[in-house]
Protein chains: 2
Amino acid sequence: MNKKILYVEDEVFLGKIVKETLETKGYDVLMETNGAHVINHLQRFHPDICVLDIMLPGKNGYEVAAEIRAINELLPIIFLTAKVQTEDVVKGFKTGGNDYIRKPFSIEELIVRIENLLQIKQSAPDLLEEEKIGNFLFYPTKQLLVLNENHRKLSFRESELLKFLWIHRNAIVQRRDLLNHIWGNDSFFNSRNLDVYVTKLRGYLKEDPSIEIITIKGVGYRFITG
Amino acid sequence: MNKKILYVEDEVFLGKIVKETLETKGYDVLMETNGAHVINHLQRFHPDICVLDIMLPGKNGYEVAAEIRAINELLPIIFLTAKVQTEDVVKGFKTGGNDYIRKPFSIEELIVRIENLLQIKQSAPDLLEEEKIGNFLFYPTKQLLVLNENHRKLSFRESELLKFLWIHRNAIVQRRDLLNHIWGNDSFFNSRNLDVYVTKLRGYLKEDPSIEIITIKGVGYRFITG
DNA sequence: TAGATGAAAGGTTAATTAAGGTTAAGGGCT
DNA sequence: AGCCCTTAACCTTAATTAACCTTTCATCTA
């Protein structure tokens, strides 16, 4: 069963390219040029994700997003925008967007963001019941972190964060990906939230000096394990 | 060192402009007006990316792309076209194009897409966990520089700069390559930024007089290690 | 042709801005 | 209540920008 993408774009020419490319990647794509028709499609097509151009004739992307949100709280929405003002981005998140991409974008980039929101991890190996992280033992499903006799129960977010960092250990993980994965979008409200959780994890992990969460300012983090 | 672009374009006038612009951005550009000659160039020039106009005399862009694909599965291909028919676009992607730009296009847009496609397949030569630089030990992923008992944590940019210089030690590295690698572009502002980071690194490295970052005015730097 | 001159590139240090770190105070949920 | 998440306030540090200084090199002039 292919994942379904509802793609709202008034530039027909660009739209056809994007649609066709996504289809070759194994998605079912319904393309619509008129914002006012989106709601109808939502009911019949049942998309897994929406990609909305912001500059639409008639109804703009924000309005469409708000309509979608009224019906479906969780459906991931990606905005495409030519504008670069922060206000627009903020507005995008406020009306319920999960991610945004600036035009001109490369199709590769769009695919990455789509897969990210759909949680299709290219090669994310499944975690075992028990993972050895430095001197710690981490039990992902139990949300438990053990060092020697010291058992610490992790909260859901703590555990998700550790999981994500561990899966991508020694690689740079982008803030944006963490936020999308754990909080569902990367607005700057949640952004500060991530900082708080990184601090918490660092606190837990500091007993083993061979483990470190390195900050890459403006980009994300890198989880180092000896 | 520079990335190589094979650019196939029959409009000589436009072609010259694009070629020159790309060259100022630090690419080596081979321009060809005849589609039939492309394959020869492929063997000798070994481009990192191809930019193909679709309307070519003799052999059209799709045919050329198919030929390229037969030899190299992964080489990124960008199509340029003035045609507006969708069938052409679809055809382009089916013959293995990675991206697509409609004429008239802005050169900025072309550059964005080129860089995007290059990043995807780009992977720098790997460094070891621990590299010995003069009397220092450098831990690239840990962003750590050690001299005797003296541990210095490097910031991301400091570490990236040192990595780049070390990989190209004893060779001349161009400012614009450094800028493109660390800052993503070589605009005027980042240029001064690089100066600041070079000064910082020199400060850190001055404890070992056998190491030196030599300035080559107007070109770049040379990292000397005894 | 030596030396003067000025422009351009880069060096250095400091100021500014922005990102993130830390801690603690709300606020909702069970 | 107790837990977890969020938000806010305040602090620290990295990254950027700016300002001013030095070197280099080409060109001009005596």
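These values consider heavy atoms only, across backbone and side chains, with no hydrogens, waters or symmetry-generated copies.
Contact check, B:Y221 against C:dG11: a side-chain N or O comes under 4.0 Å of OP1 or OP2. Proximity of B:W183 to the phosphate of D:dT16: a side-chain N or O atom is located under 4.0 Å from OP1 or OP2. The side chain of A:R175 places no N or O atom within less than 4.0 Å of a non-bridging phosphate oxygen (OP1 or OP2) of C:dA19. A sub-4.0 Å separation between OP1 or OP2 of C:dT12 and a side-chain N or O of B:T199 is present. Residue A:N193 has a polar side-chain atom (N or O) positioned under 4.0 Å from OP1 or OP2 of D:dT6.
Straight-line distance from the CG atom of A:L178 to the P atom of C:dA19: 17 Å, rounded to whole Å. Here the C1' atom of nucleotide C:dG20 and the CG atom of A:D195 are 5 Å apart, to the nearest Å. Put simply, NZ on B:K217 is 11 Å from P on C:dA8, counting in whole angstrom units. Across the protein-nucleic acid pair, A:R222 atom CZ and C:dG20 atom P stand 16 Å apart, rounded to whole Å. Whole-Å rounding puts the B:I214 CD1 to C:dA9 C1' distance at 17 Å. Atom NZ of A:K200 is separated from atom P of D:dC5 by 7 Å (rounded to the nearest Å). Between the C1' atom of D:dT7 and the CG atom of A:L194 lies a distance of 15 Å, rounded to the nearest Å. In this structure, the CD1 atom of B:I182 is 10 Å from the P atom of D:dT16, given to the nearest Å.
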Could you list the protein-to-nucleotides 25-27 of chain C atom pairs, N/O on both sides, closer than 3.5 Å?
none

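Aromatic rings from A:F79 and A:Y62 are positioned such that their centres are separated by under 6.0 Å.
For the atom pair CG (B:L80) and CG (B:L52), the distance works out to 8.0 Å, reported to the nearest 0.5 Å. In this structure, CG on B:L145 lies 9.0 Å from OH on B:Y204, to the nearest 0.5 angstrom.
Seen from the ring of B:F156, A:K217 does not count as a face-on cation partner, given the 6.0 Å and 45° thresholds.
The base of C:dG11 sits with one of its N or O atoms less than 3.5 Å from a complementary donor or acceptor on the side chain of B:R192.
Legend: residues meeting ring-ring contact (aromatic ring centres under 6.0 Å, His included) with B:F138, ordered by chain and number and at least two apart, are absent.
Closest approach to the B:T215 side chain among C:dG11, D:dT23, D:dT17 is made by C:dG11 (side chain taken as heavy atoms from C-beta onward). Checking D:dC4, C:dT22, C:dG11 against every side-chain atom of A:Y197, the shortest atom distance belongs to D:dC4.
Taking both residues in full, the closest heavy atoms of A:N135 and A:D208 are given as N-OD2, 2.8 Å, listed atom of the first, atom of the second, then distance.
Side-chain N or O atoms of B:N148 include none that pairs as donor or acceptor with a backbone N or O of B:N150 at under 3.5 Å.
B:K3 has no carboxylate O lying under 4.0 Å from a charged side-chain N of B:D177, or vice versa, which leaves the two without a salt bridge. Under a 4.0 Å N-O distance rule, the pair B:K16/B:E20 does not qualify as a salt bridge.
Applying a 4.0 Å cut-off to non-hydrogen atoms, the residues of residues 151-160 of chain A that approach DNA chain D are A:S155, A:F156, A:R157, listed by residue number.
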Just do the side chain to side chain contact (heavy atoms under 4.5 Å, CB included) check on A:V18 and A:M31 with the steps written out, would you?
CA-CA 10 Å; A:V18 171; A:M31 182 173 138; over 6 Å; no
